[in-house]
Structure formats: C-alpha cells, structure tokens
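Read the structure below first, then the notes.
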Protein chains: 2
Amino acid sequence: MPTIKDVALAAGCSTATVSRALANPEKVTDATRKRVASAIAKVGYSPNLAARNLRRSESRTIVVLLPDIANPFFSEIIAGLEDVAHREGYRVLLGDCEHDTGRAKAYFDLLPTNQADGIILLTAEIPLSLVTQQARGSQIPLVMACEYFDHLALPTVRIDNPLAAARAIEYLSSLGHRRIATITGPMQNPICIDRVKGYQSEMARQQLAVNPGWIVEGDFGFLSGYQQGQLLLALPPEARPSAIFCHSDEMAIGLMKAARDASVRVPEDLSVIGFDNIGFSEYCQPELTTVSQPRDEIGRCAMRLLLDVLRKKQVPHQQVLNTQLIVRASTAQAPKL
Amino acid sequence: MPTIKDVALAAGCSTATVSRALANPEKVTDATRKRVASAIAKVGYSPNLAARNLRRSESRTIVVLLPDIANPFFSEIIAGLEDVAHREGYRVLLGDCEHDTGRAKAYFDLLPTNQADGIILLTAEIPLSLVTQQARGSQIPLVMACEYFDHLALPTVRIDNPLAAARAIEYLSSLGHRRIATITGPMQNPICIDRVKGYQSEMARQQLAVNPGWIVEGDFGFLSGYQQGQLLLALPPEARPSAIFCHSDEMAIGLMKAARDASVRVPEDLSVIGFDNIGFSEYCQPELTTVSQPRDEIGRCAMRLLLDVLRKKQVPHQQVLNTQLIVRASTAQAPKL
DNA sequence: AGAGTTTATGTAATGCATTACATTCAGTAA
DNA sequence: TTACTGAATGTAATGCATTACATAAACTCT
C-alpha cells in the first residue's frame with residue numbers, strides 16, 4: 001500500500017504539502033493541488049486511517065447501541081442513521097447488547113480509546129452507571145433516540161409517547177369501546193411508563209374505568225403478546241376488554257393469534273392497536289391498526305444531533321417527532337352489549 | 001487517557017516490558033507481570049487501538065456486507081456472526097449495501113487501508129469485479145454465506161438449495177398436488193437458480209408437468225409475493241396452481257394476503273410453503289409451512305471460516321449445512337378436482 | 001573458572017499522517 | 001532601495017504501541 005511519502009515523491013513536494021492538499025485545499029496553490037491529485041491517482045494512494053485516527057484522536061466511527069438487532073422496528077431507524085453518517089464521512093458500528101450489560105460496557109469502552117467518537121443509544125436497558133459515570137468526567141458525545149432516561153438531560157430524539165397512547169385510546173373510545181386494556185413493553189422503560197400514563201389519563205378523560213388487570217406487561221415480542229393476550233381474553237366476560245392497545249406490533253400480532261386460538265374475532269369481538277407500523281403489520285390478518293413512528297426520521301435526527309454535538313454546536317436538548325395513527329382492519333365499532 | 005508510558009512509569013519498567021506483559025505474558029517474570037497488572041489497574045490504562053492497529057497493520061474489524069439490514073432473515077445470522085467475532089476479539093462492521101454498488105465498493109476499500117481485516121458477504125448483489133479484482137492481486141480474506149458466486153472458489157457457507165427446494169416439492173407432491181408453482185427470488189442470485197433447478201428436477205422426478213407460467217420472479221419482499229401471487233391466482237382454472245413454493249417467508253406471507261383478497265382459502269384451496277422460517281411465520285394466519293435454515297449456525301460458521309482464513313489455516317472451501325422442512329398449517333391435502 | 005546459553009529487560013526504530021514551527025520568496029509600503 | 005507582510009512550502013516533532021536488536025544477568029557444562 002502506498003503511503004503519503006510515495007505521493008510526495010511522485011508529486012515532487014513534501015508530505016506536509018500532500019496532507020494539506022487533502023485536508024486544507026485552500027492552503028496550497030492550484031498547481032500543487034493538481035500535481036498532488038494526479039500523483040495520488042498515479043500511485044493509487046488512500047490514506048491509512050489508523051494513522052490518521054491516531055494523530056487526530058478521532059475515529060469517525062459512531063456506535064449505535066440497540067437491544068436487539070433482530071427486532072425489525074430498529075431496521076429503518078438504522079437505515080436513516082447510516083445514511084446521514086455515510087454522507088458525513090462517518091462509519092456506524094452497530095452494537096447489539098442483547099439485553100446483556102457486559103456488551104454495552106464493552107462498547108462504551110471504545111470511546112476513551114478513540115475507537116469511537118460518539119454513541120447513539122436506542123435502548124435504555126443498560127446500566128445507568130455507564131452513562132452517568134461518563135457524563136460526570138468529561139461530557140461524552142451521547143444521544144438517545146426513542147428511549148430516554150428520566151433524570152438525565154441528554155440530547156434526545158423521541159416521540160410524544162403519552163400523546164400517542166392517548167390518541168390510540170381516544171380512537172378506541174370513539175368507536176364505543178369502554179373496556180380497554182393495554183399490553184405494555186418492559187416497564188423499566190420510561191417510554192412504556194409514558195404510554196401507560198397516556199392510556200390512564202385518556203381513560204380518565206373519557207370517563208372510563210380502568211381495571212388494574214387491564215395493564216399487563218410484555219417484552220415487545222410476539223410471544224409475550226400471545227401469552228398476555230391469553231390472560232386478558234380469559235378474564236370473566238364483564239371484565240374482558242373489547243379493545244387492547246399494545247406497545248408494539250409484534251405483541252399485537254401475538255395477541256391476534258391468541259384471539260384466533262380463543263375463537264375471538266378481530267375486529268368484531270376485539271379491537272387491536274399496535275405500535276411502530278412495522279412492514280409486517282400490513283400483511284397480517286386482519287391488517288393491523290397501529291401507531292406509526294417516523295423511524296427513518298428518528299434515525300436521521302439522532303445522527304445529525306450527535307454530529308452536532310461532536311462539532312460542539314449548540315444543540316437543542318430534546319427533539320420530539322410526530323406519530324400518526326394508521327387505521328386498518330384490526331379495529332372496529334365496539335360490540336353491542 | 002493514560003498511555004503505555006504511564007504504565008511503564010508506574011510499574012518501574014520499560015514500555016517494551018509492559019507491551020510484552022500484555023501480548024506475550026510468558027515472556028516476562030511472574031513478578032513483573034503482576035507489577036504491570038497492578039500498574040495498569042492503578043493508572044486505568046487501556047491500549048490505544050489506533051496505535052496498535054497502525055503498528056500491527058490490522059484492525060480486528062470484520063465487515064459484513066448484506067443487501068438489506070431491514071430484512072429479518074439476516075438478523076439471526078448476524079447475531080451468530082457477532083457472537084463468534086466478539087469471543088475472538090473482533091468487531092463487526094455491518095455494511096448495508098441497499099442494492100447500491102457504490103456502498104459495497106466503499107466497504108471493500110476498507111481492506112487495503114487496514115480498516116478491516118476481512119469481509120463476509122451475505123449478498124451476491126455486488127459487482128463481481130470487486131471480488132475478482134481483489135482476488136487477483138493478493139488473496140483477500142473473503143467468505144461468503146448463503147449466497148455464492150458460481151465460478152469463484154471462495155470459502156462459502158451455505159445450504160443445499162436444490163435439495164431444500166426438491167424436498168419442499170416432494171412434500172407438496174406427497175399431499176397430492178400436481179400443479180405446483182414457485183415464486184423465486186431475484187434470478188441473478190445463484191441460490192435462486194439452484195432452487196428453481198431443484199424445483200424442476202423434483203417436478204420431473206414426480207412426473208409432474210411444469211407450466212412455464214408457474215415460475216415467477218419476486219424480490220424476496222412482501223409486496224412482490226403479493227403481486228406475483230395475484231398473477232398466479234388469476235390463471236385460468238386448469239392452469240391455476242394448487243400449491244406455491246416461495247423463496248422467502250415474506251413472499252409467502254404476501255402471497256397469502258393475495259389469496260385472502262381473492263377469496264382463495266389457504267390451505268384448503270391453496271397450499272403455501274415459504275423459505276427461511278422467520279419469527280413471523282409462526283404468527284401469521286395460517287401458520288406458515290416453511291424451509292428452515294440454521295441461520296445462527298450459518299453466521300457462526302461463516303465467521304469461524306473467515307477467522308481461519310485470517311490465521312492462514314487450511315480451510316475447507318465449502319461448508320454445507322442442513323435445512324429442515326417445518327410443516328405448519330399453510331399446507332394441506334390437494335383439493336379434489 | 002571460562003565459554004556458551006538462556007532468560008529478562010531495556011533502547012530505539014518503526015508504522016503513517018498531521019501540524020507547529022521554520023524557511024523561502026514574492027509582493028507591498030515607505 | 002529597505003523593511004515588512006503574507007503566502008507557499010518544507011522540516012521535524014508528534015501521537016502510541018510494537019518489536020528487532022542490544023545488553024545484562026543468571027545459569028549450564030566442561
């Protein structure tokens with residue numbers, strides 16, 4: 001592999017000039033710039049990034065930490081993230097923590113050694129100490145998306161979870177549903193707490209009673225939706241919900257399977273709303289009514305925010321994006337009775 | 001950030017000794033090793049990898065190139081890959097080429113500059129020139145998984161596609177189906193050609209005629225399954241297939257939606273087989289009969305193979321893993337005429 | 001005891017790009 | 001013409017870990 005020296009030799013100048021021609025083109029003559037350019041082409045040079053990174057103390061690599069690559073919810077966010085990153089000359093290192101604390105720490109450890117310049121957190125399921133510890137010392141470039149930590153004022157991109165939940169409930173209420181349950185995500189996630197709050201406040205606003213048994217916790221996955229669905233559908237008739245709002249599409253789809261197994265018709269007997277609008281939600285039976293998040297835009301915003309932080313721009317701390325209720329076939333007028 | 005010098009100072013030895021204590025512990029005394037270890041703990045040292053990489057001309061980073069992160073088929077492969085990589089001290093850089101040639105090239109360019117040590121290709125949708133060009137010069141560490149290139153003898157991990165397809169057809173035939181169609185993936189992929197070959201040869205073996213209109217090309221996605229499904233279901237009754245074998249679960253699910261829309265019952269009127277056994281296939285309606293690939297194991301094998309290549313071990317060129325037909329509810333006895 | 005090994009450690013060169021500082025030269029003002 | 005400014009380029013130090021080579025010390029064998 002040719003080095004900058006070979007280029008300097010071929011261009012008849014010093015390595016410093018070559019370096020400048022590349023990094024600060026305005027600092028060299030037009031003539032030299034051209035000579036350097038053709039020399040680069042001639043010897044087939046491309047800079048050794050390890051050396052550059054060593055010198056500049058940066059890596060142009062952004063770590064994106066997520067709980068589970070397998071979850072299709074994240075894929076579009078990642079696509080958005082990556083697109084912005086590539087445009088700006090950054091690389092994205094995807095870190096799947098698999099709900100495993102050790103992994104997350106390993107990724108955080110990349111920062112002080114300049115193997116990564118910043119972190120985007122798509123999960124709150126990491127030890128808070130990792131974040132606070134870092135934040136205490138020097139301000140590390142850290143941006144959260146989707147999730148957030150309550151007490152920490154980190155730059156964050158997110159949706160208005162209470163509002164999104166409230167809208168879903170409002171819609172169900174408008175269809176005449178009075179017994180509305182919810183299958184939440186893991187309740188250690190602030191966003192799930194928010195959605196439950198939105199659920200509760202809207203239920204109150206609609207003057208609907210909430211049976212404590214109507215709030216059940218899942219883990220966003222198919223199976224938990226199926227299992228919790230079975231529980232809800234097994235409630236005695238007077239307590240059995242006629243509509244269920246799920247914190248993820250996967251759980252909603254699991255729930256619909258539980259309904260089929262229990263011969264409960266969706267949407268005639270049971271209305272179901274999901275969350276996320278994953279590709280699948282259009283292809284399940286019935287097609288799923290769901291709360292859509294601008295996933296691509298969430299990814300783009302998060303990356304832009306992080307790059308702003310890296311460039312020490314003044315950044316707004318919270319960015320809230322809009323959700324949209326997509327009405328499909330899994331919701332209908334509440335059954336009479 | 002403390003450097004190796006600080007450690008040397010704290011341990012009362014030279015930087016060379018510290019370096020050796022870390023890289024070749026057997027070359028230093030027990031006593032020194034302990035002194036170094038406690039010095040490292042004391043100053044909170046962790047090596048600057050940019051410097052190490054520069055010196056060693058390696059990056060301990062493996063690029064994994066795939067056509068589309070959003071496709072859940074890859075997620076489990078990636079999980080397997082990553083697990084092996086992490087265990088062996090390597091990092092995984094995921095490269096989504098999004099069917100975009102330029103991106104792939106950018107990732108290949110990481111190799112000569114020591115930003116990546118090797119590449120695992122999960123897609124054949126890249127310009128072949130990238131591969132051959134590299135292969136010509138120096139043997140670059142490149143392993144393929146799932147996909148492969150015909151004429152190139154690259155180390156590859158894959159399944160027996162003709163056999164898997166033949167088994168699916170054999171099963172449909174055993175259910176009495178005589179008019180069996182197939183929705184393929186993009187036909188520039190050798191694996192799709194293989195599956196079609198398996199389909200054709202098994203049809204012949206079962207003495208079943210193949211209507212040329214029964215082989216239609218999709219792109220692995222939901223929508224193409226839906227659209228091609230509509231076409232197949234619109235065939236005149238005597239040419240209309242009673243069973244369809246799809247090259248992906250997504251297409252099979254799209255197809256089932258097309259069937260619903262056309263009031264064709266699955267499996268009573270139409271049997272459907274998918275490919276991949278994605279998580280969703282258990283939750284769709286009806287549950288999907290599908291060909292399962294050992295995705296986790298494919299990922300693990302591919303990474304192990306690549307690491308073997310990096311370590312210059314003699315490696316077997318082709319590794320073929322087994323598939324399994326998972327029978328669920330989307331297939332049934334062929335309808336009586 | 002003397003010569004030859006072996007083992008442990010230190011010294012200094014190395015990998016490559018960047019950049020502070022030094023130098024050169026052309027151009028401007030007095 | 002002299003002194004000075006600014007632009008363009010060169011020289012060399014720098015970032016940090018690794019490792020070839022050198023040295024020192026301990027040990028073996030005759």
Give, for atom NZ of B:Lys27 and atom OG of B:Ser19, the distance between the pair rounded to the nearest 0.5 Å.
11.0 Å

What's B:Thr17 touching, base or sugar-phosphate or nothing? Going by heavy atoms closer than 4.0 Å.
sugar-phosphate

If you walk 5' to 3' along DNA chain C, what is the first nucleotide with an atom under 4.0 Å of a heavy atom in chain B, and what is the last?
C:dA8 to C:dC16

Starting at CD1 of A:Ile298, measure out to SG of A:Cys146 and round the result to the nearest 0.5 Å.
4.5 Å

Pair A:Arg304 + A:Asp308: basic N to acidic O under 4.0 Å:
no

Could you tell me the separation between the CE atom of B:Met303 and the CD1 atom of B:Ile120, rounded to the nearest 0.5 Å?
4.0 Å

Between D:dG10 (C1') and A:Leu9 (CG): distance, integer Å:
15 Å

Considering every strand and a 4.0 Å limit on heavy-atom distances, what is the contact class for B:Thr29: base, sugar-phosphate, or nothing?
sugar-phosphate

I need the A:Glu297 CD to A:Ile159 CD1 distance, nearest 0.5 Å.
13.5 Å

Which residue lies toward the 5' end of DNA chain D, A:Val28 or A:Thr15, if each is placed at its nearest nucleotide?
A:Val28

Using a cut-off of strictly less than 4.0 Å between a heavy atom of the residue and any atom of DNA chain C, enumerate the qualifying residues of residues 43-60 of chain B by number.
B:Ala51, B:Leu54, B:Arg55

Can you check whether A:Ile40 reaches A:Leu22 side chain to side chain, under 4.5 Å on heavy atoms?
yes

Qualifying residue, where the test is side-chain contact (heavy atoms from CB on, under 4.5 Å) with A:Leu93 and the options are A:Val64, A:Leu65, A:Val63, A:Ile62:
A:Val63

OG of B:Ser14 to CZ of B:Arg20: how many Å apart, nearest 0.5 Å?
6.0 Å

